[in-house]
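Labels below follow one simple rule: chain letters A, B, ... track the order of the sequence lines, proteins then strands, and each chain is numbered from 1.
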Amino acid sequence: MTSQYHPETVEKDAQSFWEKHKTFETNTDQPAKRNDNYYCLSMFPYTSGNIHMGHVRNYTIGDVKSRIKKMQGHNVLQPMGWDSFGLPAENAAIKNKSHPAVWTRENIKHMRTQLQRIGFAFDWSRDFATCDPAYYRWQQWLFLQMYKKDLVYKKNAIVNWDPVDQTVLANEQVVNGRGWRSNALVEQKNIAQWFCRITSYADRLNNDLQTLEQWPEAVKTMQSNWIGKSVGAEVHFQIEGKTEPLTVFTTRADTLYGVTFMAIAADHPLALELAKSDDKIKAFANRCKQQSTAEADIQTAEKIGIATPLYAINPINQEKIPVWIANYILMSYGTGAIMAVPAEDERDHAFATKYNLPIQTVYDNEGRLLNADTHIGMRQEQASQAITASLKKSKHGTEKTTFRLRDWGISRQRYWGVPIPIIHCPHCGEVAEKEENLPVTLPENIDYRYGDPLLKNCEAFYKTTCPECGADAVRETDTFDTFFDSSWYYQYFISQGKDGICSIKNDQWLGVDLYIGGIEHAILHLLYARFMQKILFDLQLSEVSEPFTRLLSQGMVLKDGAKMSKSKGNVVSPDTLIKTYGADTIRLFVIFAAPPTQDLEWSDGAIEGCFRFLKRLWTFVDTHYKILIKNDQQGAFDSLSTNTQQLIIDLHKELYVIERDANHIHLNTVASGAMKLFQLIGKLQKQEDAQGHLREAVSILLRVLNPITPHITHALWQKLQLGENIAMAEWPQADQRILHAANQITIVMQINGKKKGMVTMHTDASESEVVNSLKSDPATSMQLDKHQKIKKTIYVKNKLINFVV
RNA sequence: GCCUCAGUGGUGAAAUUGGUAGACACGCUGGUUUUAGGUACCAGUGCUUAUGGCGUGGGGGUUCGAGUCCCUCCUGAGGCACCA
């Protein structure tokens, strides 16, 4: 009688076994050695309501690595939690006339059930959401420490303002310059907001990238470019009739002779002053105010400008050049003004052509300065130095290093977020909330059905007393950017808030040994988390200065060539797949179908193949149960037939490759390697003298497969009485003795680098032995005889021999 | 526009350091078994004008030898600071 593979039963059994035995709960308090600990963290999900294939893929990768590490004897910490504050909850609340808190908590419940059904080895006892006051209390505490050290401050910044809804809009809520709900023309509004001084850390964030040896180069390059350190000069241009000079930053001081106009932002102080008395300039500035604030839009928008009556004096040659206002200059970037060199800069060139401004050639064909007075004939490097030196001498400029990175705006004029713990007192001004009063709790008894949800309208929240003088005062009603919530959560999974935000104890687990998430977080989230760890380091709460030791940027799950999304209608639901095939098949598919770092194109067909593989495995164990259950026979390797020996050698060779790939997180080839093992076992089963080796071979296969398909292997492991809990079994290793038993090797013969034949040799054969062997073989000797003169022979031992003719 | 990455059969892909291109699967073709089947098993499957030639997005280069290194172009994807 044979049993059939019923994934649902098998998976529920395994999952309740793990729960009952607390297989994946981790004790982080014991003084374990740092090297024995392995912290594997996958980016926690936003609580959108559904786990999608991208999550399944992300968490399966982490789960496989975690389970392998556990089998290799490490003390593994793999937690999961919820990124639960943010905009979609408010949108859903308005749409469904519910409350963001209700929506969020229901979503968490559902998503947790979904994840548990997939069988991830998470330590669920550490589960938390960023909207839990127990969590954000420490976030507010951290903010207060930063406030004390002047690492947070308030300044004005531009937001998208919807004049009809009277609310601030996110960039994605602005569609073609209009509010997505009101359809009103969106305006730029300048309001006071909280900022973190991440720019003070720019150099450290940039330099420490070099220490991140286990990060992908692409991510490091992107971060470095984002930080954008540039060494150049600040140049002061005198404005006719003004005392204050117009200051610009340039990395190309050598092009100063080619400056034909100046361009300033529409909200540059000079422009604002001109707009007061000049209607045309005012109109232009208003037009710029309706422009998108997104960098991509600014860079691709049509470049427009307006002349001003102002003239600047070029400090190098005293030439009089016009000052223009241009929409491609940003006040928030550098000094909000540039010197335009149309001959050397494409954007300036386009602008000059459009407005008929002169174009002054800077270099001749040989790269030597033209029309450059005393600097004539210099090359770029020399010119840069010489011109900067003259500017310095005449006090019109100085060397300067700037960063593209801007300070991090963390204020949101939104309800569903962590309250910023500041109080505004009429007598004392801005006052920090006292630490013992934390958390400043977000009120949840707000009726979402009636209009404006902002905390500004919630008297019960904002009315308070000043911690300094006791007078009536009001709370800050801005909440935190959710990037702030997710910039330190990896700490909380360890400490659970027991020793404050974190303690040196956490360092036993840090930096995170493997951090896995989408490439879309390559810059912002990862930069903010790195910044925050440096703050914790400077506050002496941690001795670790980088949060993530190893980073894996997983590719996206695509369907029809595009990211799965509701709006594109190309979503595949994990729930449906689990119903049809079970969790193990889905897990095997996402691991097998593509390397973790590459995008994964969804395929309905391929998943069937994975299901069939698991069914075959189940049937194989079932069919050969009587042989496999016997624990007492294993013939000596040397006494086996050549064929059987070769199969066992191949098995261990494959095992060797699997282990190497597992270490490199090339998990797709771990899966295909397991399939190869299964093929070999099938062949082994047909060898009469191999029966005594089948049990060991199957035990190896089950252990290799267990991290990927933990449920079916759990069931088969118990069925074959190989142990109680395969999750705790030892990861199998290739037998060195068997590996070295192989002594035949195939050498490829090439002529001029093209493959012309092969020959089987004993290992480490010498060049002359190979040549002799080739000459004695009719097929290869014929190839060699075609060519009279052999100019050169290249012999790569145990691999190939190449004849150059 | 700027920064980053990717492109290999009909499809997903494989290929330590430059050294047998296409492992492992999907699909397809033919066969065997079964009452039947969408099952299982076996064989074949890059293209081609086939003892040879051509093949890793296009073009060029370095090398005895290039999917892998360099230059250039094309296409697609991600990010661009308030989506997360």
Side-chain angles (χ1 to χ4, degrees), chain A residues 43 45-48 83 86-88 91 159-160 168-174 216-226 228 293-301 303 328 332 346-347 404-414 481-483 486 518-525 527-528 553 555-556 558 561-563 589 592-595 597-610 612-613 615-616 619 657 660-661 664 666 668-669 671-676 679 746-755 757-758 782 791-794 796 799-805:
Chain A
M43 291 181 186
Y46 175 69
T47 49
S48 63
D83 185 16
L87 194 56
N91 292 333
V159 293
N160 299 310
V168 175
L169 299 178
N171 285 339
E172 70 160 12
Q173 294 176 310
V174 180
E217 281 307 316
V219 175
K220 288 194 273 183
T221 312
M222 278 191 266
Q223 289 221 349
S224 184
N225 290 339
W226 183 262
T293 51
E295 166 106 5
D297 295 332
I298 292 161
Q299 293 299 331
T300 48
K303 286 167 190 48
Y328 67 99
S332 54
E346 272 182 47
R347 287 162 308 174
R404 205 186 82 98
L405 182 70
R406 310 200 293 259
D407 270 344
W408 174 17
I410 53 162
S411 273
R412 295 294 179 268
Q413 294 70 44
R414 300 245 166 75
D481 173 14
T482 56
F483 269 128
S486 57
I519 185 73
E520 66 270 24
H521 293 295
I523 297 174
L524 293 178
H525 163 63
L527 192 67
Y528 294 147
S553 288
M556 285 173 308
L558 310 176
K563 191 174 173 174
F589 170 74
F592 176 64
T597 52
Q598 228 172 81
D599 286 348
L600 182 150
E601 176 68 34
W602 180 258
S603 147
D604 291 318
I607 202 159
E608 282 281 351
C610 293
R612 283 208 293 265
F613 172 76
K615 277 197 284 191
R616 280 202 300 273
T619 312
V657 173
R660 187 198 70 202
D661 290 350
H664 295 156
H666 294 168
N668 55 323
T669 51
S672 67
M675 291 175 184
K676 285 181 202 173
Q679 281 185 0
T746 306
I747 308 272
V748 169
M749 179 187 77
Q750 295 184 334
I751 290 174
N752 287 345
K754 292 197 172 174
K755 182 182 152 193
M758 284 184 286
M782 189 190 81
K791 280 199 249 170
K792 198 171 155 191
T793 309
I794 286 131
V796 183
K799 265 199 181 134
L800 62 79
I801 185 156
N802 186 16
F803 299 101
V804 185
V805 297

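A/D481 has its side chain within reach of A/W408: a pair of non-hydrogen atoms, C-beta onward, lies under 4.5 Å apart. Proximity of A/H525 to A/F483: side-chain heavy atoms (C-beta onward) are separated by under 4.5 Å at one or more points. With contacts defined as side-chain heavy-atom distances shorter than 4.5 Å, the pair A/Q173/A/N91 qualifies. Looking at heavy atoms from C-beta onward, A/V804 lies in side-chain contact with A/N752 at the 4.5 angstrom threshold.
Of the two residues contacting RNA chain B, namely A/C610 and A/E295, the nearest-nucleotide position lying further toward the 5' end is that of A/C610. Annotation: of the two residues near RNA chain B, A/F613 and A/T293, the 5′-most nearest-nucleotide partner is A/F613.
Among the atoms of the strands shown, base atoms are found under 4.0 Å from some heavy atom of A/W226. If you check every strand for non-hydrogen atoms under 4.0 Å, A/S411 touches a base. Among the heavy atoms of the strands lying under 4.0 Å from A/H521 is at least one base atom, whether or not backbone atoms are also near. No engagement by A/I298 is indicated, since no non-hydrogen atom pair under 4.0 Å with the nucleic acid exists. As judged by a 4.0 angstrom heavy-atom cut-off over every strand, A/A294 is placed among residues touching the sugar-phosphate backbone only. If you check every strand for non-hydrogen atoms under 4.0 Å, A/Y328 touches nothing. Within the nucleic acid shown, A/V159 comes within 4.0 Å of at least one base atom, counting heavy atoms only. Among the protein residues, A/K791 comes within range of no part of the nucleic acid, since none of its heavy atoms lies under 4.0 Å from any strand.
Set against B/rC82, B/rC41, B/rU16, the side chain of A/R414 has B/rC82 as its closest nucleotide. Here the side chain of A/S672 is nearest to one of B/rA23, B/rC54, B/rA81, namely B/rA23. Closest to the side chain of A/M222, out of B/rA23, B/rU4, B/rA84, is B/rU4. Looking at the side chain of A/D83, the nearest of the listed nucleotides B/rA84, B/rC82, B/rG1 is B/rA84. Relative to the side chain of A/V804, the nucleotides B/rC82, B/rC64, B/rG78 differ in distance, and B/rC64 lies closest.
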When you compare the protein's N or O atoms with those of nucleotides 18-22 of chain B, which come within less than 3.5 Å of each other, and at what distance?
| residue | atom | partner | partner atom | Å |
| --- | --- | --- | --- | --- |
| B/rG19 | N2 | A/Q750 | OE1 | 3.3 |
| B/rG19 | N2 | A/N802 | ND2 | 3.4 |

Between the protein and nucleotides 33-38 of chain B, list every N/O to N/O distance that falls short of 3.5 Å.
none

Are there any protein N/O atoms within less than 3.5 Å of an N/O atom in nucleotides 27-32 of chain B, and if so, which ones and at what distance?
| residue | atom | partner | partner atom | Å |
| --- | --- | --- | --- | --- |
| B/rG27 | OP2 | A/R612 | NH2 | 3.2 |

At a cut-off of 3.5 Å, list every protein nitrogen or oxygen paired with a nitrogen or oxygen from nucleotides 10-14 of chain B, distance to 0.1 Å.
| residue | atom | partner | partner atom | Å |
| --- | --- | --- | --- | --- |
| B/rG12 | O2' | A/A593 | O | 2.6 |
| B/rA13 | OP1 | A/D599 | O | 3.4 |
| B/rA14 | OP1 | A/N668 | ND2 | 2.7 |

Give every pair of a protein N or O atom and an N or O atom of nucleotides 43-52 of chain B that lie under 3.5 Å apart, one pair per line with the distance.
none

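Every residue meeting the side-chain hydrogen bond (donor to acceptor under 3.5 Å, both in side chains) condition with A/D297, not counting sequence neighbours, appears here in chain and number order: A/S292. The ring-ring contact (aromatic ring centres under 6.0 Å, His included) search around A/W226 returns none, not counting sequence neighbours. Applying the side-chain contact (heavy atoms from CB on, under 4.5 Å) rule to A/S672 yields the partners A/F592, A/T669; only residues at least two apart in sequence or on another chain are considered. Shown here are the ring-ring contact (aromatic ring centres under 6.0 Å, His included) partners of A/F613, two or more places apart in sequence or in another chain: A/F678. Residues passing the side-chain contact (heavy atoms from CB on, under 4.5 Å) test with A/V159, sequence neighbours excluded: A/V168, A/K189, A/I191, A/Q193, A/Q413. Partners of A/N668 under the side-chain contact (heavy atoms from CB on, under 4.5 Å) rule, at least two apart in sequence or in another chain, are A/P595, A/P596, A/H666.
In terms of phosphate contacts, A/R616 brings a side-chain nitrogen or oxygen within less than 4.0 Å of OP1 or OP2 of B/rC41. Proximity of A/N225 to the phosphate of B/rU4: a side-chain N or O atom is located under 4.0 Å from OP1 or OP2. Proximity of A/Q679 to the phosphate of B/rA25: a side-chain N or O atom is located under 4.0 Å from OP1 or OP2. Here A/R406 does not reach the OP1 or OP2 of B/rA81: none of its side-chain N or O atoms lies under 4.0 Å away.
With respect to A/L527, the side chain to side chain contact (heavy atoms under 4.5 Å, CB included) criterion is satisfied by exactly one of A/H521, A/M222, A/Q223: A/Q223.
Using a 90° window around 0 for the glycosidic torsion, B/rA50 falls inside it and is classed as syn.
With the 3.5 Å cutoff on both pairing distances, Watson-Crick and G-U pairs in RNA chain B assemble into runs of at least 3 at B:1-7 with B:74-80, B:10-12 with B:24-26, B:27-32 with B:40-45, B:46-48 with B:52-54, B:57-61 with B:69-73.
Only the C1' atoms considered, B/rC71 is 11 Å distant from B/rU62, to the nearest whole Å.
The base of B/rC82 does not come close enough to the side chain of A/Q173 for any donor and acceptor atom to sit less than 3.5 Å apart.
One interatomic measurement links the two molecules: CE of A/M675 to P of B/rC24, which rounds to 11 Å at whole-angstrom precision.
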